Amino acid sequence: MSNTTQDRNLEKQFVTAFESNVGRTLNGTNTKLRTLRTKAIEQFEKMGFPARKDEAWKYTNIGDVLTHDFQVRALPPFMEIDAVDLEPFAIPGLDAHLVVLVNGRFSQRLSNLGDVPDGVIIESLESAGETHGDLLETYFGRYAHYDEEVFTALNTAFTVDGLFLYVPKGHALEKPVHVINVQKVDEDLFLQPRNLFVFEENAQAKIVETSVLLGGGRTFTNAVSEVHVGERAVVDYYLLQDQGDEASLVTNTNVYQKGSSVFTAATVTLSGDVIRNNMNVLPDAAHCETHLYGLFLSSGTTHVDNHTHVDHAKPDCESNELYKGVLDDQSTGVFNGKVFVRQDAQRINAFQENKSILLTKEATMNSKPELEIYADDVKCSHGATTGQLDREALFYLRSRGLPANVARGMLLHAFAGDVIEKVRVEPLRRLLDKRVSNRFGW
C-alpha cells in the first residue's frame, strides 16, 4: 500500500477529479461502464499506489516517479498533430490498417483504416459504446480485474477512449493493424488509454502497437488492454516502446484464451524512464499455446520491469517465454515471470527463460522466474542467466581481424536476434533488426 505523502496527495487528486467529472466527462456510454467506474475508484482509494514493501513491486520504486507533479485530467487533451508528424514512426514496407491514438483518444483524421473486411470493427472505444454496446457489455472489464491491480482500477475509473477491435468468427485479417500511440503534451501529464481486442472463433490477426512521445512535457502513461482469443483463433501482438527519457509507462495486458487458440506476444523496449509491463494470460481450455517474448535495451538510468503471469487452468496446454535484456550505464532491469499450474491442469508443458547482458559494472538486473505447480503430470522448467559478453567469442572475432566495436556489436545483435526472429510481421522484424544494429554500432 502507498505510504508517502506525495503518493497520497496524487491519490486524492484522482479521487477529486473523478468526483468532479463522473456526471459529465466520465458519464460513460453504457450502464456497465458507469457501474464499473464507481467500483473501480472505490477500489483504487482503498488500495493506494504500490510501495517497495509490496512483493510485486520490490524491485521497482514507482513512488519515485509519482512524486513528479503530473497533471490529472479526466479528459486528456486532444493535441493537434499532422500526418507529417507521424512519418518518423512509420514502419517501412508495412501495409496495414493504421490506427492513431493521440493521448489515448482515437483520431479519425489521422487514422487510415483502408478496406476493412465486412464484420470486422475497428473504431474508437468511445463510439463503440454507442454502436456496439452489446459487445462492450460482454467483454469490457471482463479480463482486466480492477479489484486485483491498482493501476487497472485507476484506468477503469478514468477510461474515456481508446481502440476497439473486433474480428468475428472465421475471419482472418490479411493486413496487420498498426496502432500508433502518440503522447503529445505541452505539460507534464498522466494519461490512461484503454484497448479492447476481441477475436472470435477461428479468427486470425496481427497487431503492431508503437508508443511515441511528442512535445515538451513528461508523461506517465497507465495503459490497459484486454484481449479475448476465441477457440482456435491465432493472434500475434507486438509492442514497440520507444518514447524517450521523459516518458514513464505502466502497461497491463490481460489475455483470455479459449480452446486450441494460439497467442503470441513480443514486447520490445528501446527507451523510457521507468517502464513496467504486466502481461497476464489465462489459457482457460485445453490445447492452448501461449508464446511470450521480450527484449529491452536500456541505458542511462532507464528502468525496465517485465512481469508475466501465465495461469494454466486447464490440461494439455503449452507456454513458452523468452525475455532478454542488454543493460548499459546505470540502467536497471527486472524480470519476474510466474507460471501457475492448477491441480486439474495435467500435461502442461511450460518453459521460461530470462537472459541478460550487463555492459557496465553499474548496471543491475533482478531476475525472479517462478513456478507454482499443483498438478503432478507436467513438464515445467525455468532458467535465468546474467553476465557480461562472452570474452572467448569476442576474442575469436577480434582474432579474425574485426575491430573491437564491430565484434561487440555483432555479438550483441546476435543475442537480441533470438527475440527479433520471433516477430512474424516481416517489415517490423526488419525495422527492429535495423534499430538494434544501429544501437550497437554494427
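Here the structure is a predicted model, which is why all the values come from computation and not from measurement. Position 1 is the first residue of the sequence; numbering continues from there. Scope of the values below: all heavy atoms of this structure, side chains included, with no hydrogens, waters or symmetry mates.
Side-chain atoms of Asn277 never come within 3.5 Å of backbone atoms of Thr251 as a donor-acceptor pair (strictly under, hydrogens ignored). Judged by distance alone, with hydrogens and angles left aside, the side-chain atoms of Glu353 form no donor-acceptor pair with the main-chain N or O of Glu321 at under 3.5 Å. In this structure, Thr302 contributes its side chain and Ser298 its backbone to no donor-acceptor pair below 3.5 Å. Between the Ser331 side chain and the Leu327 main chain, no donor and acceptor come within less than 3.5 Å of each other. Looking at Lys324, its side chain does come within 3.5 Å of a backbone N or O of Phe415 through a donor-acceptor pair. A distance-only check finds a donor-acceptor pair linking the side chain of Ser127 to the backbone of Ser124 [under 3.5 Å]. Judged purely by atom type and a 3.5 angstrom limit, Asp284 has no side-chain atom pairing as donor or acceptor with the backbone of Gln257. Between the Glu226 side chain and the Tyr143 main chain, a donor and an acceptor come within less than 3.5 Å of each other. Listed for the His97 side chain is no donor-acceptor partner under 3.5 Å among the backbone atoms of Val177. A distance-only check finds a donor-acceptor pair linking the side chain of Thr67 to the backbone of Asp64 [under 3.5 Å].
For the pair Ala83 and Leu110, the tightest heavy-atom approach, listed with the atom from each and the gap, is N-CD2, 3.8 Å. Closest approach of Asp147 and Gln43 over heavy atoms only: O-NE2, 3.3 Å. The two residues Ala285 and Cys317 make their nearest non-hydrogen contact at O-SG, 3.1 Å.
Counting heavy atoms from C-beta outward, Val212 and Ile180 have side chains that approach closer than 4.5 Å. The closest side-chain heavy-atom distance from Leu173 to Val116 is not below 4.5 Å. Side-chain contact between Val72 and Leu10 is present, with at least one heavy-atom pair separated by less than 4.5 Å. At a threshold of 4.5 Å between non-hydrogen side-chain atoms, the residues Asp236 and Phe263 do not count as touching. Contact annotation: the side chain of Leu249 never approaches that of Arg276 to less than 4.5 Å [non-hydrogen atoms, C-beta and beyond]. Residues Gln183 and Leu214 fail the side-chain proximity criterion, which asks for heavy atoms closer than 4.5 Å. For the pair Arg194/Phe140, a side-chain contact is recorded, criterion being any heavy-atom separation below 4.5 Å from C-beta on. Side-chain contact check for Met279 versus His309: every heavy-atom pair is 4.5 Å or farther apart.
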| message | Could you go through Tyr237 and Phe197, starting from their C-alpha distance and side-chain angles, then the distance that decides it, and tell me whether this counts as ring-ring contact (aromatic ring centres under 6.0 Å, His included)? | response | CA-CA 10 Å; Tyr237 187 24; Phe197 304 133; 5.6 Å; yes

| message | side chain to side chain contact (heavy atoms under 4.5 Å, CB included) for Leu125 and Thr159? Distances and angles first, verdict last. | response | CA-CA 9 Å; Leu125 192 62; Thr159 294; 3.9 Å; yes

| task | Any chance you could lay out the side chain to side chain contact (heavy atoms under 4.5 Å, CB included) test for Val334 and His303, step after step, and finish with the verdict? | result | CA-CA 8 Å; Val334 181; His303 179 91; 3.8 Å; yes

| request: Take Leu389 and Arg408 through the side chain to side chain contact (heavy atoms under 4.5 Å, CB included) test and state the conclusion after the steps. | output: CA-CA 8 Å; Leu389 276 175; Arg408 176 179 177 273; 3.7 Å; yes

| message | The test is salt bridge (Lys or Arg N to Asp or Glu O under 4.0 Å); show your working for Lys258 and Glu200 and say whether it passes. | response | CA-CA 9 Å; Lys258 300 191 75 173; Glu200 297 287 15; over 6 Å; no

| task | Verify side chain to side chain contact (heavy atoms under 4.5 Å, CB included) between Ile275 and Asp305, making sure each step is shown before the conclusion. | result | CA-CA 6 Å; Ile275 308 294; Asp305 181 350; over 6 Å; no

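Here Arg142 does not pair with Glu137 in a salt bridge; the nearest charged N to carboxylate O distance is not below 4.0 Å. Of the charged side-chain nitrogens involved, none lies within less than 4.0 Å of a carboxylate oxygen, so that Lys46 and Glu42 do not count as a salt-bridged pair. Using a 4.0 Å cut-off between a side-chain N of Lys or Arg and a carboxylate O of Asp or Glu, Asp273 and Arg218 qualify as a salt bridge. Comment: Glu201 engages Arg232 in a salt bridge, judged by a side-chain N to carboxylate O separation of less than 4.0 angstrom.
In this structure, Glu362 places its CD atom where more than 12 heavy-atom neighbours from other residues, nucleotides or ligands lie under 6.0 Å away. More than 12 non-hydrogen atoms from other residues, nucleotides or ligands lie less than 6.0 angstrom from CG of Asn438. Under a cut-off of 6.0 angstrom, the local environment of NZ in Lys184 is crowded, with over 12 non-hydrogen atoms contributed by other residues, nucleotides or ligands. Remark: Lys39 NZ is loosely packed, at most 12 non-hydrogen atoms of other residues, nucleotides or ligands lying under 6.0 Å away. Residue Asp115 places its CG atom among 12 or fewer non-hydrogen atoms of other residues, nucleotides or ligands, all under 6.0 Å distant. Within a 6.0 Å radius of CD in Glu370, other residues, nucleotides and ligands contribute more than 12 heavy atoms. Counting heavy-atom neighbours within 6.0 Å of Glu174 CD, excluding the residue itself, gives a total of 12 or less.
Between Glu123 and His132, the side chains place a donor N or O and an acceptor N or O closer than 3.5 Å (distance only, hydrogens not considered). Side-chain contact check for Thr360 and Asp329: no donor-acceptor pair (N or O, by modelled atom type) lies under 3.5 Å. Tyr256 and Asn254 are not linked by any side-chain donor-acceptor pair at a separation below 3.5 angstrom, with hydrogens and angles left out of the test. Between the side chains of Asp433 and His413, at least one donor-acceptor pair of N or O atoms lies under 3.5 Å. In this model, a donor atom of one side chain and an acceptor atom of the other lie less than 3.5 Å apart for His312 and Ser319. Donor-acceptor pairing under 3.5 Å is recorded for the side chains of Asn336 and His307. Inspection of the Gln192 and Asn155 side chains reveals no N or O donor paired with an N or O acceptor under 3.5 Å. Looking at Asn195 and Ser225, their side chains do bring a donor and an acceptor atom within 3.5 Å of each other.
For Tyr139 and His228, the distance between ring centers is under 6.0 angstrom. Aromatic ring centres of Phe106 and Phe164: separated by at least 6.0 Å. Annotation: Phe44 is not in aromatic contact with Phe151 [ring centroid separation under 6.0 Å not met]. Between Phe14 and Phe190, a ring centre-to-centre spacing shorter than 6.0 Å is recorded.
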